[in-house]
Enquirer: 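Below: one structure in structure tokens.
When reading the values below, keep in mind they use all heavy atoms of this one structure, side chains included, and skip hydrogens, waters and symmetry mates. By convention here, the first residue in the shown sequence is residue 1. Both ligands and their constituent atoms are indexed starting at 1 by order of listing.
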Amino acid sequence: MPVILHYIGHSCFFIENEQGGILIDPFISQNPQAISHINPSHIKDIILTHGHSDHLGDAIPLSIKTGVKITATFELANYCSNQGAQVNTMNLGGKIELTSASAKFLPAFHSSSATGGKYTGMPAAVLVDIGGYKIYHAGDTCLNAEMKVAGEVYKPDVALLPIGSTFTMDIDDAVIAAKWLEAKIIVPMHYNTFPAISADVTDFKKKIENLGKRCLVMNPGESIQI
Ligand code: NI
Ligand code: MN
């Protein structure tokens with residue numbers, strides 16, 4: 001089976017192959033724009049980039065209900081574990097073999113706390129290696145030079161990049177990130193979910209295509225084969 005990338009909305013993606021898949025940043029039930037056509041029984045792992053509610057989302061109840069493990073950086077994994085979730089504890093630089101793919105945690109420049117202000121460790125970007133494809137999920141971040149390193153060292157095929165500004169990179173910085181990451185396929189995320197992160201995705205697409213790269217603008221509920 002090929003690798004399928006499902007976009008659920010905001011920064012939530014489900015990446016799967018024949019072994020099942022990884023659900024990243026499952027902000028679903030609290031996001032009115034989220035649309036999911038994925039088969040819940042295919043979810044074998046959950047990865048969190050950081051603890052903010054628009055990323056932690058349904059992870060804990062989902063793990064409690066299904067026993068699926070949440071993979072996250074140390075403090076966030078412990079936070080989830082204390083609430084009854086099953087977890088894998090990671091930190092930046094670590095690589096883990098999950099059911100369908102491996103995942104490596106890389107730096108993101110942001111903050112990370114759970115509702116109520118509880119500190120949940122370093123935020124992360126995640127590099128998923130599935131069926132020979134490397135998919136880089138930037139998490140929430142500003143433009144940062146670590147992306148140059150990620151491009152040079154890991155050469156991702158696909159980059160999922162926030163473009164909504166205010167809390168993350170804006171369009172122009174995300175275009176630079178796309179260049180530095182050297183990925184051929186760019187998927188925008190973390191925009192237009194609420195007014196503070198509105199962005200003109202057509203403008204982003206044009207700027208990415210000017211780099212000679214493919215820009216896949218996915219609607220919530222859409223899936224593509226990589
Ligand atoms: Ni955030
Ligand atoms: Mn966010």
Side-chain angles (χ1 to χ4, degrees), residues 5-15 22-36 46-62 70-80 83 85 87 90-92 103 105-128 135-144 146-147 150 158-175 177-178 181 186-201 204 217-220:
L5 179 70
H6 303 264
Y7 185 47
I8 294 171
H10 199 56
S11 294
C12 177
F13 290 84
F14 182 61
I15 306 169
I22 298 172
L23 184 63
I24 305 178
D25 287 356
F27 176 51
I28 302 172
S29 64
Q30 298 304 306
N31 176 10
Q33 296 181 15
I35 300 173
S36 171
I46 298 165
I47 292 178
L48 299 176
T49 60
H50 64 295
H52 291 155
S53 58
D54 59 321
H55 299 261
L56 175 62
D58 303 307
I60 294 169
L62 205 59
I70 297 170
T71 299
T73 49
F74 184 73
E75 290 82 359
L76 178 54
N78 286 341
Y79 172 84
C80 294
Q83 296 195 38
V87 301
M90 298 282 292
N91 221 321
L92 303 186
F105 276 51
L106 297 173
F109 283 66
H110 189 63
S111 60
S112 182
S113 58
T115 307
K118 170 115 181 123
Y119 172 68
T120 48
M122 289 282 283
V126 179
L127 185 73
V128 173
I135 302 173
Y136 176 94
H137 186 300
D140 278 0
T141 187
C142 61
L143 178 66
N144 67 82
E146 295 295 338
M147 292 168 160
V158 181
L160 317 175
L161 301 178
I163 66 165
S165 192
T166 308
F167 303 109
T168 69
M169 299 189 283
D170 61 11
I171 286 174
D172 289 329
D173 284 351
V175 169
L181 285 162
I186 309 296
V187 182
M189 63 177 182
H190 209 274
Y191 67 98
N192 291 356
T193 318
F194 37 86
I197 58 169
S198 54
D200 178 359
V201 76
F204 180 67
V217 177
M218 299 181 74
N219 295 312

Enquirer: Using the ring pair (Phe, Tyr, Trp, His ring centres under 6.0 Å) criterion, which residues pair with H110? Sequence neighbours excluded.
Expert: H50, H52
Enquirer: By the definition side chain to side chain donor-acceptor pair (under 3.5 Å), identify the one residue from D54, D25, N31 that meets it with H10.
Expert: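 Of all the options given, the one that passes is D54.
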Enquirer: Is the closest side-chain heavy-atom distance between T73 and L48 below 4.5 Å?
Expert: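 No, their side chains stay 4.5 Å or more apart.
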Enquirer: Does Q30 CD have over 12 foreign heavy atoms under 6.0 Å away?
Expert: no
Enquirer: Is a side-chain donor or acceptor of D58 paired with a backbone partner of I28 at a separation under 3.5 angstrom?
Expert: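 It does hold such a pair.
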Enquirer: Is any side-chain heavy atom of I22 closer than 4.5 Å to a side-chain heavy atom of I46?
Expert: no
Enquirer: Taking 2.8 Å as the limit, list every protein N, O or S atom around the Ni ion (ligand 1), by chain and residue number.
Expert: H50 NE2, H52 ND1, H110 NE2, D140 OD2
Enquirer: To the nearest 0.5 Å, how far apart are CG in L56 and CZ in F27?
Expert: 11.0 Å
Enquirer: Show the atom names and distances, to 0.1 Å, of all donor-acceptor pairs under 3.5 Å that link a side chain in residues 117-128 to residues at least two apart or in another chain.
Expert:
{"unit_1": "T120", "atom_1": "OG1", "unit_2": "S112", "atom_2": "O", "d": "3.2"}
{"unit_1": "T120", "atom_1": "OG1", "unit_2": "S112", "atom_2": "OG", "d": "2.7"}
{"unit_1": "T120", "atom_1": "OG1", "unit_2": "S113", "atom_2": "N", "d": "3.1"}

Enquirer: Taking atom types as modelled, is there a side-chain donor on Y79 or E75 under 3.5 Å from an acceptor on the other?
Expert: no
Enquirer: Return all protein N, O or S atoms below 2.8 Å from the Mn ion (ligand 2), chain by chain in residue order.
Expert: D54 OD2, H55 NE2, D140 OD2, H190 NE2
